[in-house]
Structure formats: C-alpha cells, structure tokens
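Notes to accompany the following structure.
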Amino acid sequence: MHLTLEFGGGLELLCQSVKIHNVEVDSPAGDEKLTMKDLLSWVRSNLIKERPEMFMKGDSVRPGVLVLVNDCDWELSGQLDTTLEEKDVIVFISTLHGG
C-alpha cells in the first residue's frame, strides 16, 4: 500500500532530517487491512534511525505527538485501530519543543 508519511516539529530529526517519505507498506500476514498500529510498528523498524523512544511509547506515539490521517486528528478515527487506505497521508507533528 502506497502511503505518504510526513514528520514535523522536530520529529524529522529522528528520520535523518527527511520530512516527507513516500513508502510502500504491506499489510501484516493474513490481514487484508493495514491499521495505524501496524504502520507505527513499520515506522519504528524502517524509518526511525535514532532514539525511537522520542517518537513511540509502547505500541503508540508518545504523548505530545499529534497524528493526522488525511488532515483529520486520528483521535476522531479510532487511533491505533484506524484503517488506512491506498494513498493516505499520515502526518506526525511533535507539539513539544523548547522555547
């Protein structure tokens, strides 16, 4: 499944300073659908190059990371259970930064 992942608010530093990633992600074996939980696991294994604890806590993102799926807050669409579709755009923005 082709997805566009965008990282902002400092999170891009965990992905070698690349903000936008066009990726191909396969559904887990035996599943027809890809969920945000599956995607986060894939991101941790394939994109995050350093300090994954700054992005994830357990199976989800850390508190303070805003997640948008097609410009909609993932809290409105089911968070980890959100089903992704071909060509979805997922944005991760850290709201925690120095001042």
Side-chain angles (χ1 to χ4, degrees):
M1 176 178 307
H2 179 78
L3 301 171
T4 301
L5 309 180
E6 299 180 15
F7 296 84
L11 290 176
E12 67 276 6
L13 299 175
L14 304 178
C15 303
Q16 298 178 326
S17 297
V18 177
K19 287 189 173 201
I20 299 175
H21 300 262
N22 292 302
V23 299
E24 289 289 332
V25 181
D26 294 325
S27 299
D31 264 346
E32 296 177 9
K33 63 181 183 174
L34 181 72
T35 65
M36 278 299 297
K37 183 175 182 178
D38 302 324
L39 178 64
L40 289 174
S41 176
W42 186 91
V43 168
R44 182 184 349 207
S45 300
N46 296 281
L47 286 184
I48 303 294
K49 299 301 181 190
E50 56 185 68
R51 299 183 9 209
E53 70 277 3
M54 298 299 292
F55 178 66
M56 294 189 68
K57 183 175 183 178
D59 288 337
S60 190
V61 294
R62 290 190 66 76
V65 175
L66 176 64
V67 181
L68 303 174
V69 178
N70 299 322
D71 295 325
C72 178
D73 190 331
W74 80 325
E75 292 185 7
L76 301 175
S77 63
Q79 295 180 315
L80 291 174
D81 295 326
T82 301
T83 301
L84 299 173
E85 297 180 5
E86 185 74 22
K87 297 185 180 177
D88 277 352
V89 177
I90 299 92
V91 180
F92 302 96
I93 302 171
S94 176
T95 60
L96 305 175
H97 47 79

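Below, all heavy atoms of this structure are taken into account, side chains as well, without hydrogens, waters or symmetry copies.
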* Structure fact -> Students should find that the hydrophobic cluster of Val18, defined by side-chain heavy atoms under 4.5 Å apart, otherwise consists of none
* State the CG-NZ distance between Asp81 and Lys33, to the nearest 0.5 angstrom. => 7.0 Å
* ILVMFWY cluster, Trp42 and Met1 together (side-chain gap under 4.5 Å) -> yes
* Out of curiosity, Arg44 CZ to Glu53 CD, how far, rounded to the nearest 0.5 Å? -> 10.5 Å
* Residues two or more places apart in sequence or in another chain: which of them pass side-chain hydrogen bond (donor to acceptor under 3.5 Å, both in side chains) with Ser77? -> Thr82
* Asked: Are Val91 and Leu66 linked, directly or through other ILVMFWY residues, by side chains that come within less than 4.5 angstrom of each other?
  -> yes
* Contacts of Asp88 that satisfy side chain to side chain contact (heavy atoms under 4.5 Å, CB included) - sequence neighbours left out -> Leu3, Val69, Asn70, Leu84, Glu85, Ile90
* State whether the number of non-hydrogen atoms from other residues, nucleotides or ligands found under 6.0 Å of Gln16 atom CD is greater than 12. => no
* Asked: Can you tell me how far CG of Leu76 sits from CD of Gln79, rounded to the nearest 0.5 angstrom?
  -> 9.5 Å
* Structure fact -> Looking only at heavy atoms, the pair that brings Asn46 and Lys49 closest together is O-NZ, 3.4 Å
* Asked: Linking I/L/V/M/F/W/Y whenever any side-chain heavy atoms sit under 4.5 Å apart, do Phe7 and Met56 land together?
  -> yes
* Asked: Mind checking what makes side chain to side chain contact (heavy atoms under 4.5 Å, CB included) contact with Thr4, not counting sequence neighbours?
  -> His2, Glu6, Ile20, Asn22, Val89
* State, to 0.1 Å, how close Ser94 and Gly9 come at their nearest heavy-atom pair, and which atoms those are. => CB-O, 3.4 Å
* Structure fact -> Sorted by chain and residue number, the salt bridge (charged side-chain N to carboxylate O under 4.0 Å, His left out) partners of Asp59 (sequence neighbours excluded) come out as Lys37
* Structure fact -> d(Cys15 SG, Leu47 CG) to nearest 0.5 Å is 5.5 Å
* **Which residues share a side chain to side chain contact (heavy atoms under 4.5 Å, CB included) with Lys19, sequence neighbours left out** => Glu12
* So, do Val61 and Phe55 sit near enough that their side-chain heavy atoms are less than 4.5 Å apart? -> yes
* Can you hop from Met54 to Phe92 via hydrophobic side chains spaced under 4.5 Å? -> yes
* Asked: Can Leu40 be reached from Val23 by stepping across I, L, V, M, F, W or Y side chains whose heavy atoms are under 4.5 Å apart?
  -> yes
* Between Thr35 and Asp38, a side-chain donor and acceptor under 3.5 Å -> yes
